[in-house]
Amino acid sequence: LTYSGLMRTTPEGRFIPDLAERYDVSADGTVYTFTLRPDTTFHDGEPLTSEDVAFTIKLAQSPDIRGPHRADWEGVQVTTPDERTVVFTLPNAYAPFMENTTFGILPKHLWKDVSAEDFPFTPLNTHPVGSGPFRVDNVDTDVTGAATRYDLVPFDDFTLGAPYLSRISFVLFPDDKSLINALNADKINAFAGPSPTETKVIAREGHTIVRAPLPRVFGVFFNQSKNPLLADASVRAALDASIDRRTIVNNVLDGFGVPLTGPIPPGVLGHATLNTPIPFLHTVRATSTPDTTFAESARTILEKGGWKWDEASGSWSKSKDTLRLAIATADTPELTETAEAVAQMWRAAGVQVSVQVYPLGEFNNTVLRPRNYETVLFGEVIGRDADLFAFWHSKDRNDPGPNIALYTNAKVDTLLTDARSAHNKESRDAQYEDFQ
């Protein structure tokens with residue numbers, strides 16, 4: 001709302017010029033040249049030039065800042081022949097690159113003296129100055145200085161004209177109860193991303209729930225280097241077979257989710273067979289009686305894999321190894337509840353399991369980034385362009401890459417490399433089918 005990119009995405013998923021007046025792509029798909037509209041400005045009236053674009057992209061690429069879009073811009077060279085021209089040179093053709101150009105542009109004159117250490121803490125984060133359709137008109141804060149309300153109004157010089165809304169207000173609440181009370185009292189019109197518990201409350205009180213798919217995948221990722229037993233194919237197959245996904249979706253997410261057996265969620269662009277309406281599973285919670293079929297299947301797989309069950313110790317063994325492992329996850333209600341559900345299903349199959357829950361900051365720094373886990377329950381945001389390269393290509397298996405399964409497969413590397421350079425949708429879909 002407050003920032004503009006060179007391009008902007010329409011509700012239909014098309015890309016239209018925003019700050020850019022026009023653009024050109026080289027025949028080999030490696031050079032993108034953008035010409036900025038004349039007289040573009042930031043909310044504070046300062047001109048927006050190609051220098052601001054280059055400055056923003058170089059910040060996104062900075063290893064010191066470790067921004068979430070760093071992987072998107074890896075290896076991309078940025079040059080500015082003049083004030084209105086920006087040239088991106090890619091190391092290889094990359095079909096989803098246009099999505100990158102929707103990235104919001106920061107004003108260099110305000111951010112240039114902010115160090116990497118101060119980057120997360122500067123007031124420019126909470127009082128943003130961009131060039132988007134809305135500018136911040138007012139910010140209310142509490143006694144600690146934390147924002148409690150944002151009032152946004154249209155930016156008169158927005159490149160694509162006046163937005164349809166004359167004002168948008170964001171009100172921040174300390175807890176779920178305060179949020180729902182404000183909704184009931186008509187102090188707010190809507191809120192997004194309710195938890196399963198909140199969903200039940202607001203539905204019971206007569207509010208409308210609008211459902212939309214989120215291109216996110218949550219799963220348990222194995223680190224074979226941390227626990228060598230996970231290198232045993234029969235162990236991985238048994239762990240997979242023991243999980244009743246539908247029960248987890250119903251019990252933890254109250255049905256607002258889809259059980260998955262692969263890395264590509266339904267409805268994500270680039271996967272031909274899944275561009276269909278999402279079958280939301282809003283059903284009653286499962287009974288407390290466990291389905292033993294999954295555990296029995298897992299036990300059969302382990303036996304065929306040479307594992308022996310010892311009734312006295314209640315454990316599986318093979319050679320001198322006992323089958324035990326740990327699940328690590330972050331301290332959020334849905335993740336911890338899911339981790340406990342998975343652990344119970346693995347224990348039902350005779351696997352000895354411990355669950356390790358960490359505060360989110362500690363989890364990222366001491367568990368996820370250094371790959372300090374045997375198995376980890378976490379999520380991936382796939383995005384509109386369905387670029388799965390960083391999540392599964394072998395070159396991203398170490399920090400700061402997001403391949404948290406440390407997955408390595410030469411054929412998959414080739415498929416993902418070819419898919420991200422394929423401009424033809426049918427070809428890209430076929431490569432993602434092979435990858436899955």
(message) Let's go through F103 and Y3 carefully: what are the C-alpha distance in whole Å and the side-chain angles of both, what is the deciding distance for ring-ring contact (aromatic ring centres under 6.0 Å, His included) to 0.1 Å, and is it a yes or a no?
(response) CA-CA 8 Å; F103 195 63; Y3 290 99; 9.2 Å; no
Would you indicate whether [X], at its atom [atom1], is surrounded by more than 12 heavy atoms from other residues, nucleotides or ligands within a distance under 6.0 Å?
X    : atom1 : value
E362 : CD    : yes
Y23  : OH    : no
D175 : CG    : yes

(request) Give the C-alpha distance, both sets of side-chain angles, the deciding distance and a yes or no for side chain to side chain contact (heavy atoms under 4.5 Å, CB included) between R397 and T408. (result) CA-CA 8 Å; R397 66 188 181 277; T408 304; 3.6 Å; yes
If we ignore angles and hydrogens, is there a donor and acceptor under 3.5 Å between the side chains of [X] and [Y]?
X    : Y    : result
S115 : D118 : yes
D82  : T85  : yes
D140 : T148 : no
H393 : D396 : no
S169 : R149 : yes
N181 : S178 : no

(request) Would you mind reporting whether V136 and L152 have side-chain heavy atoms less than 4.5 Å apart? (result)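 Contact flag for L152/V136 side chains = yes.
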(message) I'd like to check W346 versus I243 (side-chain heavy atoms, cut-off strictly below 4.5 Å). Are they in contact?
(response)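 They are in side-chain contact.
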Is [X] salt-bridged to [Y], going by a charged N under 4.0 Å from an acidic O?
X    : Y    : value
E374 : K226 : no
R245 : D240 : yes
E74  : K395 : yes
D137 : R167 : yes

(message) Could you go through D24 and T33, starting from their C-alpha distance and side-chain angles, then the distance that decides it, and tell me whether this counts as side-chain hydrogen bond (donor to acceptor under 3.5 Å, both in side chains)?
(response) CA-CA 5 Å; D24 178 71; T33 303; 5.1 Å; no
(request) Can you tell me which residue pairs pass the ring pair (Phe, Tyr, Trp, His ring centres under 6.0 Å) test with a partner in residues 113-134, sequence neighbours excluded? (result)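 Those involving residues 113-134 are W111-F119.
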(message) For residues 175-208, which residue pairs pass the ring pair (Phe, Tyr, Trp, His ring centres under 6.0 Å) check, not counting sequence neighbours?
(response)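 Listed once each, the pairs would be none.
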(request) Please collect all side chain to side chain donor-acceptor pair (under 3.5 Å) contacts where either partner lies in residues 324-336, sequence neighbours excluded, each pair once. (result)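 Listed by first then second residue: R324-Q352.
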(request) Please list all pairs passing the side chain to side chain donor-acceptor pair (under 3.5 Å) test where one or both residues lie in residues 35-48, with sequence neighbours left out. (result)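 Only D44-H109 qualify under side chain to side chain donor-acceptor pair (under 3.5 Å).
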(request) Going by the ring-ring contact (aromatic ring centres under 6.0 Å, His included) test, name the single residue among F88, F15, F34 that passes it with F97. (result)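 Of all the options given, the one that passes is F88.
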(message) Are F221 and Y373 an aromatic pair, judged by ring center distance below 6.0 Å?
(response)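 So the answer is no for these two rings.
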(request) Please find out if less than 6.0 Å separates the ring center of F389 from that of Y94. (result)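 No, too far apart.
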Exercise answer: donor-acceptor pairs, residues 155-162 side-chain atoms, under 3.5 Å, sequence neighbours excluded:
| residue | atom | partner | partner atom | Å |
| --- | --- | --- | --- | --- |
| T159 | OG1 | D18 | O | 3.3 |
| T159 | OG1 | D18 | OD1 | 2.5 |

(message) By the salt bridge (Lys or Arg N to Asp or Glu O under 4.0 Å) test, which pairs, at least two apart or in different chains, include something from residues 59-70?
(response)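 Of all non-adjacent pairs touching residues 59-70, those that pass salt bridge (Lys or Arg N to Asp or Glu O under 4.0 Å) are R66-D399.
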(message) Let's go through F170 and I188 carefully: what are the C-alpha distance in whole Å and the side-chain angles of both, what is the deciding distance for side chain to side chain contact (heavy atoms under 4.5 Å, CB included) to 0.1 Å, and is it a yes or a no?
(response) CA-CA 9 Å; F170 291 95; I188 56 174; over 6 Å; no
